[in-house]
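Every number for a ligand or one of its atoms is a count from 1 in the order of the listing. Here the structure is a predicted model, which means the values were calculated and not measured.
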Amino acid sequence: MKRSFTLWLSLGIVGLAVAQPKAEDVIKEQCAKAEVVAELWHGFTGGAPKAALENLIVEFNRGKGGTVCVKPVPQGNYRDLSTKLKAAFAAGKVPAMAQAFENNIALYLEADAVLPVSSLGLDLKGLNPLFVNATKIKGQVYGVPFNKSVQIMYYNNDLLKKYGAKVPTSIDEFVATAKRLSEGEKTPVYFFVPDASTYAYWFFTRGGNYLQNGKLVLNSKVGVETLEFLVQGVKDGWAKPITQGFINQNFGSGTFGFSTDTSAGYSFYKSAARFDLGTATLPGKTSKQPGYALVQGTNLIVFKQADAKERALAAEFLKFVITPRAQAVFGVATGYVPVHLGAGADPTVTRYVKENPWFGTILTQSRFARYEPAIAEWEQIRFDILGQAIKEAVLGQATPKAALDKAQKQVEDLLAGRTR
Ligand code: FGO
């Protein structure tokens with residue numbers, strides 16, 4: 001076990017200087033000779049998450065001696081993935097496994113496409129209940145949490161030092177610091193994507209809840225105030241909306257001071273930053289407790305259409321990827337939260353955290369996290385309705401109240417089955 005762990009490390013993190021065969025090519029080779037191939041459709045587009053997944057798969061396949069293999073199939077980003085899966089149901093050509101958000105599971109269950117985890121003979125003991133419970137529908141668990149992230153605060157430590165500023169721990173401190181630094185730099189230093197993900201952190205931390213007595217409410221008082229707060233941040237010159245690409249791809253477009261973004265972005269931030277990158281838990285309503293992160297990232301699901309051999313192989317693979325050791329390796333390579341509670345006590349992690357405080361930030365933040373609603377229509381809602389409203393308000397095309405009132409009407413029509 002120790003040897004194989006060192007091998008993963010060399011493949012994933014420290015081995016950049018050593019010429020290694022590409023994991024993708026190794027897998028191709030492994031699958032060329034295998035009798036059973038279980039496809040895993042995923043939404044990783046590149047960088048550390050895709051590499052770390054491939055490294056796990058190489059290792060798993062190696063342990064199987066060549067007769068069977070798991071084959072990762074990249075399908076674009078997460079939304080491309082769910083679009084392709086929906087088409088695959090219609091065409092009857094479904095993979096053995098795929099990544100899925102909790103709301104995706106609800107949607108795929110409407111097509112009766114997903115196997116309950118209990119039918120795979122998997123033991124989920126030791127997994128973080130926050131993640132496992134989220135994949136439950138009517139008391140049954142349908143997904144195995146795999147790559148789950150939480151939002152954290154990223155900051156430019158050089159900029160903070162220049163102004164003698166402390167890392168803010170409350171929203172009030174955050175706004176005061178962002179204002180002071182933005183005035184000094186004459187440009188907004190809080191970079192944010194005007195989308196449902198960024199909004200969720202501010203909304204949850206202000207006490208917002210999308211579900212009120214079982215009803216989905218987008219235009220609540222807290223909702224409108226949250227959007228007004230972000231719009232005001234832009235007007236006051238401390239918040240900069242990023243409308244193209246990830247924040248880590250936009251460092252050069254101004255002076256980056258802060259962001260509140262997924263922990264899975266860490267490796268991307270680290271390699272793009274030309275400054276001393278800091279991480280901290282999210283600013284809270286008060287300094288007493290961190291703010292609430294949105295949980296993102298996906299679960300692995302197994303489809304009913306997979307034949308018995310593929311199902312058995314998928315079950316073994318899932319068992320392998322949730323071990324504390326696999327989760328520790330995958331976590332430190334990417335910034336995902338290890339889903340196994342035992343991973344936090346793994347010497348790999350405890351030793352790693354001592355020299356890499358960013359990973360400690362993620363572990364701490366994972367105790368303060370919330371989910372979006374896991375209803376079948378949520379993906380469409382979060383991008384096409386709520387996300388659209390946030391963007392319109394932030395770009396000054398509608399007031400926050402008008403944008404969210406329109407979004408509420410759209411959601412009610414959608415859920416009543418009037419538009420689809
Ligand atoms: C992303 C998306 C959903 C849903 C949330 C849903 C669908 C959000 C958000 C929309 O695994 P996470 O934490 O992070 C991703 C990871 C792997 O690609 O790395 C992040 N990344 C990648 C490249 C890069 O340059 N920088 C970087 O940070 C990437 O975000 O997932 C967070 C971002 C979004 O995709 O725009 O989850 N999300 N809920 N997507 N389809 N459905 O219900």
Ligand 1-proximal atoms of [X], by part, heavy-atom distance under 4.0 Å:
| X | answer |
| --- | --- |
| Ser149 | side chain |
| Phe44 | side chain |
| Val193 | neither |

**OP:** Quick one: sort the Tyr108 and Phe303 rings into parallel, tilted or perpendicular, breaks at 30° and 60°.
**Re:** tilted
Original post:
Heavy-atom contact under 4.0 Å between Asn103 and ligand 1?
Top reply: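 Yes.
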Original post:
Going by heavy atoms, is Thr45 under 4.0 Å from ligand 1?
Top reply: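 Contact check Thr45 vs ligand 1: negative.
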Going by distance only, is there an N or O of [X] that falls short of 3.5 Å from an N or O of ligand 1?
| X | value |
| --- | --- |
| Arg382 | yes |
| Glu379 | yes |
| Tyr78 | yes |
| Asp195 | no |

Can you check whether a protein heavy atom sits less than 4.0 angstrom from [atom]?
| atom | answer |
| --- | --- |
| atom 42 (N) of ligand 1 | yes |
| atom 16 (C) of ligand 1 | yes |
| atom 34 (C) of ligand 1 | no |

Original post:
Do we see a donor-acceptor contact under 3.5 Å between the side chains of Thr260 and Tyr190?
Top reply: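 There is such a pair between these side chains.
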**OP:** Classify the side-chain pair Glu372/Asn103 by whether it contains a donor and acceptor separated by less than 3.5 Å.
**Re:** no
**OP:** List the closest protein heavy-atom neighbour of atom 28 (O) of ligand 1: residue, atom name, distance to the nearest 0.1 Å.
**Re:**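 Scanning the protein heavy atoms, the shortest distance from atom 28 (O) of ligand 1 goes to Gly265 CA, 3.3 Å.
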Subject >> Nearest option to atom 29 (C) of ligand 1, as decided by whichever heavy atom of Tyr336, Phe246, Tyr269, Tyr154 sits closest >> reply: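 Going through Tyr336, Phe246, Tyr269, Tyr154 one by one, Phe246 has the nearest heavy atom to atom 29 (C) of ligand 1.
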